[in-house]
Amino acid sequence: MSWGTELWDQFDNLDKHTQWGIDFLEKYAKFVKERIEIEQNYAKQLRNLVKKYCPKRSPKDEEPRFTSCIAFFNILNELNDYAGQREVVAEEMGHRVYGELMRYSHDLKTERKMHLQEGRKAQQYLDMCWKQMDNSKKKFERECREAEKAQQSYERLDNDTNATKADVEKAKQQLNLRTHMADENKNEYAAQLQNFNGEQHKHYYIVIPQIYKQLQEMDERRTIKLSECYKGFADSERKVIPIISKCLEGMILAAKSVDEHRDSQLVIDCFKSGFEPPGDFPFEDYSQNIYRTISDGTISTPKQEGMRIDTKTTVGKAKGKLWLFGKKPKGPALEDFSHLPPEQRRKKLQQRIDELNRELQKETDQKDALIKMKDVYEKNPQMGDPSSLQPKLTETMGNMDRLRMEIHKNEAWLSEVEGKVAARSDRRHSSDINHLVTQGRESPEGSYTDDANQEVRGPPQQHAHPNEFDDEFEDDDPLPAIGHCKAIYPFDGHNEGTLAMKEGEILYIIEEDKGDGWTRARRQNGEEGYVPTSYIDVTLEKNSKGS
């Protein structure tokens, strides 16, 4: 199966076929190029998508702690790696397939042009040989006709009795000349015919088959190259399939790592305040006036009416207290985090202590390194001056002392918070045991209270209007003082519901610390608010003078 023998007369069709083969090669190269662009755009869009949904955190921000968030960010990382593999596919296709196709197409065009030129030259040479043979043939034919005419002229003159001998001799010479030229042209024609037949045989059995064979081999190599590129096109993606599979497995592992119980616990750790739920409201006996009327035989006096507690006012006070701690502080954060609920304060203090310990460890390592360097300098003065390290060593020692003081101060605050949490837990446990006893205690006036030493006293309460049910507790009548306190530290009181105080200032206590770290106090001018219990020295009195 050879083009040279089977297609010896199809030069023009082979010219068209080989040109079609190169066009098809370039068409496939264009397809690969567009596929590369798709892969590149796909990878770029994936990276932009990952960048869009990745958290934009500053170095101070905490890492996501919820397992669902961590899993999502792990999936984003795996998707980013997946995008990288798509870029690898595009790069491999560009280098192994598209680039190779473009180089081969250029070489193929050059080779095809050379083979076609050789075929045209061979055809031109054969045409030239045929023309030479045809010319000699025509010349031999012409000379034969002239010789035939000379033969007829000689015979006519030779038979003519009137013709002179000179004319006959001349005709004979002319016949001999034409016959000789015809013989020479016959020999020339025979030689040219033999040469053309040889060249034609060489053309169709040697030259053209060789050229067509080269064209056939070129076209077969083009087909093989396309086959290799098809395989390389698939191999470019098949090579990254294991890595892509690992990316997908990583996404699955990230999905399996989601722990709903851990996330729920993190929500508790993040938002737990440490406050105790509100206690039971005391029983308010409104029937005491009826009993007194029956026993005394008189109508209730305004004094007795003044001992009634308006339910709306009581609820307003309780609601005001809860509202105080429910709002976020508007002022600047305090150094000891006393503006935070107990549990959050404890966590913040523990985090700060851990950070300070890490800084202290760094300073300690730096001090040890400086001491070692100083020892080296003292033993080898040529390496450096030991005294040059003293300022840095002094600074490091100062930083260590400062950090130790900070750690000690924060540990004291942490111990205070943890002690209060433990005390509140014990108090809650004891209050649960004695609940039935305390709620049955009766005051001398016949009303029920939580404290046996407290009575409901004060001027008559005004009934609140229904539209004023949610008014702040500052609008209520002042509560009686149950003791006094002295400010140990100054307190700014920027937060809403708090009371600013100066160091050494004396305040009245109108409500004890319920275990949340705050005590309700009042100035002599009547201004009320909450102050940190750790900032004051409290003295409770059974019978203190109210304001």
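What you see is a predicted model; the values in this text were computed from it and never measured.
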Do NZ/NE/NH1/NH2 and the carboxylate oxygens of [X] and [Y] come within less than 4.0 Å?
X    : Y    : result
E237 : R35  : yes
K137 : E141 : no
D81  : K246 : no
K109 : E26  : yes
K131 : D134 : no

Distance-only, no hydrogens or angles: does the [X] side chain make a donor-acceptor pair with backbone N or O of [Y] under 3.5 Å?
X    : Y    : result
N197 : L193 : yes
T67  : D259 : yes
N380 : Q382 : no
S227 : T223 : no
Y53  : N48  : no

Using 0.5 Å steps for rounding, measure from the [atom1] atom of [X] to the [atom2] atom of [Y].
X    : Y    : atom1 : atom2 : result
Y212 : T5   : OH    : OG1   : 11.5 Å
Y377 : L370 : OH    : CG    : 9.5 Å
E249 : K256 : CD    : NZ    : 9.5 Å
L101 : M93  : CG    : CE    : 12.0 Å
S387 : L393 : OG    : CG    : 12.0 Å
W130 : Q192 : CH2   : CD    : 13.0 Å

Mind listing the closest non-hydrogen atom pair of [X] and [Y] along with its distance?
X    : Y    : result
A254 : A71  : O-CB, 3.0 Å
S105 : I22  : OG-CG2, 4.1 Å
V531 : L499 : CG1-O, 3.3 Å
V97  : G232 : CG2-C, 3.9 Å
L356 : E406 : CD1-CB, 3.7 Å
Q40  : A90  : CG-CB, 3.7 Å

Exercise for the section: State whether Y104 and K225 meet the cation-pi test: NZ (Lys) or CZ (Arg) under 6.0 Å from the six-membered ring centroid, and within 45° of the perpendicular axis. Expected result: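 Here K225 passes the 6.0 Å and 45° test against Y104.
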Exercise for the section: Would you please test V258 and F66 for side-chain contact (heavy atoms from CB on, under 4.5 Å) and show each step? Expected result: CA-CA 8 Å; V258 176; F66 294 106; over 6 Å; no
Problem - Partners passing ring-ring contact (aromatic ring centres under 6.0 Å, His included) against W3 (at least two apart in sequence or in another chain) - result: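 Partners of W3 by the ring-ring contact (aromatic ring centres under 6.0 Å, His included) criterion, ordered by chain and then number, come out as H17.
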Problem - Result of checking K186, E184, R145 against F140 for side-chain contact (heavy atoms from CB on, under 4.5 Å) - result: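 With F140 as partner, K186, E184, R145 yield a single side-chain contact (heavy atoms from CB on, under 4.5 Å), made by K186.
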Exercise for the section: Going by the side-chain contact (heavy atoms from CB on, under 4.5 Å) test, name the single residue among N74, L79, I75 that passes it with N77. Expected result: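 Only one option passes, and that is N74.
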Practice task
Could you label the plane-to-plane angle of the F233 and F31 rings as parallel, tilted or perpendicular, counting under 30° as parallel and over 60° as perpendicular?
Solution key: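 The rings of F233 and F31 sit tilted, inter-plane angle from 30° to 60°.
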Handout entry: Pair Y28 and Y230, ring centroids less than 6.0 Å apart
Key = yes
Can you confirm whether [X] sits close enough to [Y] that some side-chain heavy atom of one is under 4.5 Å from a side-chain heavy atom of the other?
X    : Y    : answer
L7   : N13  : no
Q200 : Y204 : yes
Q45  : L49  : no
K139 : Y189 : no
P490 : M501 : no
D235 : R96  : yes
D269 : Q265 : yes
E111 : R221 : yes

Contact list for [range], test salt bridge (charged side-chain N to carboxylate O under 4.0 Å, His left out), sequence neighbours left out:
range            : result
residues 352-367 : none
residues 118-130 : D15-R120
residues 42-52   : R47-E87

Handout entry: Pairs meeting criterion side-chain hydrogen bond (donor to acceptor under 3.5 Å, both in side chains) with involvement of residues 391-402, two or more places apart
Key = Q390-T394, D401-R404
Handout entry: M405, CE: over 12 other non-hydrogen atoms inside 6.0 angstrom
Key = no
Exercise for the section: Would you please test Y125 and E199 for side-chain contact (heavy atoms from CB on, under 4.5 Å) and show each step? Expected result: CA-CA 9 Å; Y125 178 73; E199 292 296 333; 2.8 Å; yes
Problem - From CA spacing to verdict: side-chain contact (heavy atoms from CB on, under 4.5 Å), I488, Y535 - result: CA-CA 5 Å; I488 304 174; Y535 281 44; 5.8 Å; no
Problem - With sequence neighbours excluded, residues passing side chain to side chain donor-acceptor pair (under 3.5 Å) with Q117 - result: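 Partners of Q117 by the side chain to side chain donor-acceptor pair (under 3.5 Å) criterion come out as none, since no residue qualifies.
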Answer with yes or no whether the side chains of [Y] and [X] bring together a donor and an acceptor at under 3.5 Å.
X    : Y    : answer
R112 : T18  : yes
Q19  : D23  : yes
H203 : Q123 : yes

Exercise for the section: Run the numbers on N185 and S136 for side-chain contact (heavy atoms from CB on, under 4.5 Å), then give the verdict. Expected result: CA-CA 7 Å; N185 285 315; S136 63; over 6 Å; no
